[in-house]
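Counting convention: from 1, in listed order, for ligands and their atoms alike.
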Amino acid sequence: MQGASGRLGRAISELAGDDPALSVRAVSRDAGARLPAADVLIDVSVPDGLARSLDIARQQKLPLVCGTTGLGDEQIDALRTLASEVPVLHARNFSLGVAALARAAGEVARLLDWDVEIVEAHHRHKRDAPSGTALALGERIAEARERSPEWSERVAAPGPREPGSIGMAVLRGGSVVGDHSIHFLGEDERIELRHQAEHRRLFARGALLAARRLIGRPAAWYSFEEVLWS
Ligand SMILES: NC(=O)C1=CN([C@@H]2O[C@H](COP(=O)(O)OP(=O)(O)OC[C@H]3O[C@@H](n4cnc5c(N)ncnc54)[C@H](OP(=O)(O)O)[C@@H]3O)[C@@H](O)[C@H]2O)C=CC1
Ligand SMILES: O=C(O)C1=N[C@H](C(=O)O)C[C@H](O)C1
């Protein structure tokens, strides 16, 4: 695993420690691109760590589960390129609840052309904003409406609402594990879909599930939903 010393990495190691069939080895930052024998590589680090994970997965022909957020377009392209050689799964959220929320949000967005605003809150240490999950939910809504994603930063954008844009608002502070609310705002009525992560081990559970289910699959690009429900 790359990012083993981080908050999520530690939660994954702790959970894996309860299962005698699993052993987690940390990729050291000084170890170059070699990893002790493994069945799958998990990356929960920072965008700068991705290149090393790509090298390791490519050289050792390992399935790659990437949970790191804040990746740039070129990094996503590089992950997609790797998927022609090994199985690759990039999940910006390993929660089963968020996976279900994304489906529900797509369905509401298809049925109702209402304004959409997404509000997310995370702990004070989080580096990227908006969260990967908020962006993924926004993409799902845009896709359901057959539009390109177009965000606006509600907090810093006074004046009338830009029609069709999806507002993103970000809160940072305390120890919030992860909170996402999607507001669908119509005439005289509104819907709020909300997910609250209560403990980081829920992401660890999802990451280990994804890792287990990726082993033995053919090289391809996989979504978290796909390995969960198809
Ligand atoms: N998909 C999901 O469900 C979830 C995804 N995440 C994402 O996972 C990532 C990690 O989150 P979190 O654990 O909170 O973050 P932390 O800051 O706690 O951990 C970051 C990890 O990355 C390592 N790291 C830092 N710089 C580099 C580098 N240049 N190369 C390689 N490794 C590096 C750190 O090592 P060191 O200790 O040596 O600095 C540490 O192990 C984030 O992108 C976050 O958004 C988080 C929760 C859920
Ligand atoms: O950094 C975090 O903590 C989290 N990051 C992910 C994101 O950016 O969406 C998932 C989760 O919300 C926690």
Check your understanding: Does atom 24 (N) of ligand 1 have any protein heavy atom closer than 4.0 Å?
Key ->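 Looking at atom 24 (N) of ligand 1, one finds that a protein heavy atom does lie closer than 4.0 Å.
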Check your understanding: atom 20 (C) of ligand 1: which of Arg200, Arg52, Arg127 has the nearest heavy atom?
Key ->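 Selected option, by shortest heavy-atom distance: Arg127.
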Which residue owns the protein heavy atom closest to [atom], what's the atom, and how far is it?
| atom | value |
| --- | --- |
| atom 28 (C) of ligand 1 | Val46 CG2, 3.6 Å |
| atom 41 (O) of ligand 1 | Ser5 OG, 2.7 Å |
| atom 15 (O) of ligand 1 | Arg7 NH2, 3.6 Å |
| atom 9 (C) of ligand 1 | Ser45 O, 3.2 Å |
| atom 43 (O) of ligand 1 | Thr69 N, 3.0 Å |
| atom 36 (P) of ligand 1 | Arg29 NH2, 3.2 Å |
| atom 3 (O) of ligand 1 | Phe94 N, 2.7 Å |
| atom 7 (C) of ligand 1 | Gly67 O, 3.4 Å |

Check ligand 1 against [X] and write out every atom of the ligand that is under 4.0 Å from a heavy-atom position of the residue.
| X | result |
| --- | --- |
| Asp48 | 29 (N) |
| Gly3 | 21 (C), 22 (O), 41 (O) |
| Lys126 | 45 (O) |

Practice item. Run the contact test for Ala91 against ligand 1 with a 4.0 Å cut-off on heavy atoms, strictly below, and give the result. Key: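 Under 4.0 Å: yes for Ala91.
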Review point. Would His125 count as a contact of ligand 1 if the rule is a heavy atom under 4.0 Å away?
Key: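 Heavy atoms of His125 never come under 4.0 Å of ligand 1.
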Between [X] and [Y], is any pair of side-chain heavy atoms under 4.5 Å apart?
| X | Y | value |
| --- | --- | --- |
| Cys66 | Leu50 | yes |
| Glu192 | Ile182 | no |
| His180 | Leu137 | yes |
| Trp221 | Leu89 | no |
| Glu226 | Arg213 | no |
| Arg127 | Val46 | yes |
| Thr69 | Lys126 | yes |

Check your understanding: Do Arg58 and Glu85 sit within salt-bridge range, that is, some charged N less than 4.0 Å from a carboxylate O?
Key ->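 So Arg58 pairs with Glu85 through a salt bridge.
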Using a 3.5 Å cut-off on N or O atoms only, is [X] in polar contact with ligand 1?
| X | result |
| --- | --- |
| Gly6 | yes |
| Leu8 | yes |
| His123 | no |
| Gly9 | no |
| Thr68 | no |

Check your understanding: Is there a path from Leu208 to Val227 through hydrophobic residues (I, L, V, M, F, W, Y) whose side chains come within less than 4.5 Å of each other?
Key ->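 Yes; tracing contacts between hydrophobic side chains, which count when under 4.5 Å, links both residues.
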Point to revise | Single-linkage hydrophobic cluster, 4.5 Å side-chain cutoff, Leu54 and Tyr222 together | key: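 Hydrophobic grouping puts Leu54 apart from Tyr222.
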Check your understanding: Knowing that exactly one of Arg190, Arg145, Arg161 qualifies, which makes a salt bridge (Lys or Arg N to Asp or Glu O under 4.0 Å) with Asp115?
Key ->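 Option passing the salt bridge (Lys or Arg N to Asp or Glu O under 4.0 Å) with Asp115: Arg161.
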Check your understanding: For ligand 2, what are the residues with a heavy-atom contact below 4.0 Å?
Key ->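 Heavy-atom contacts below 4.0 Å: Thr69, Arg92, Asn93, His122, His123, Lys126, Asp128, Ser131, Gly132, Thr133, Val177, His180, Phe203.
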Check your understanding: Hey, is the main chain of Ser45 close enough, under 3.5 Å, to the side chain of Asp43 for a donor-acceptor pair?
Key ->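 Looks like yes, one N/O pair under 3.5 Å.
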Practice item. May I ask you to decide if Gly72's main-chain N or O and Gln75's side chain share a donor-acceptor pair within less than 3.5 Å? Key: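 Checking the backbone N and O of Gly72 against the side chain of Gln75, a donor-acceptor pair under 3.5 Å is found.
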Practice item. Report the distance from atom OG of Ser165 to atom CZ of Arg147, rounding to the nearest 0.5 Å. Key: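 Reported value, rounded in 0.5 Å steps: 10.0 Å.
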Check your understanding: Any side-chain donor paired with an acceptor under 3.5 Å for Ser131 and His122?
Key ->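 No, because no side-chain N or O of Ser131 sits under 3.5 Å from a partner of the opposite role on His122.
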Check your understanding: Is there a donor-acceptor contact under 3.5 Å linking the side chains of Ser53 and Gln2?
Key ->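 Checked: Ser53/Gln2 side chains pair up, N/O donor to acceptor below 3.5 Å.
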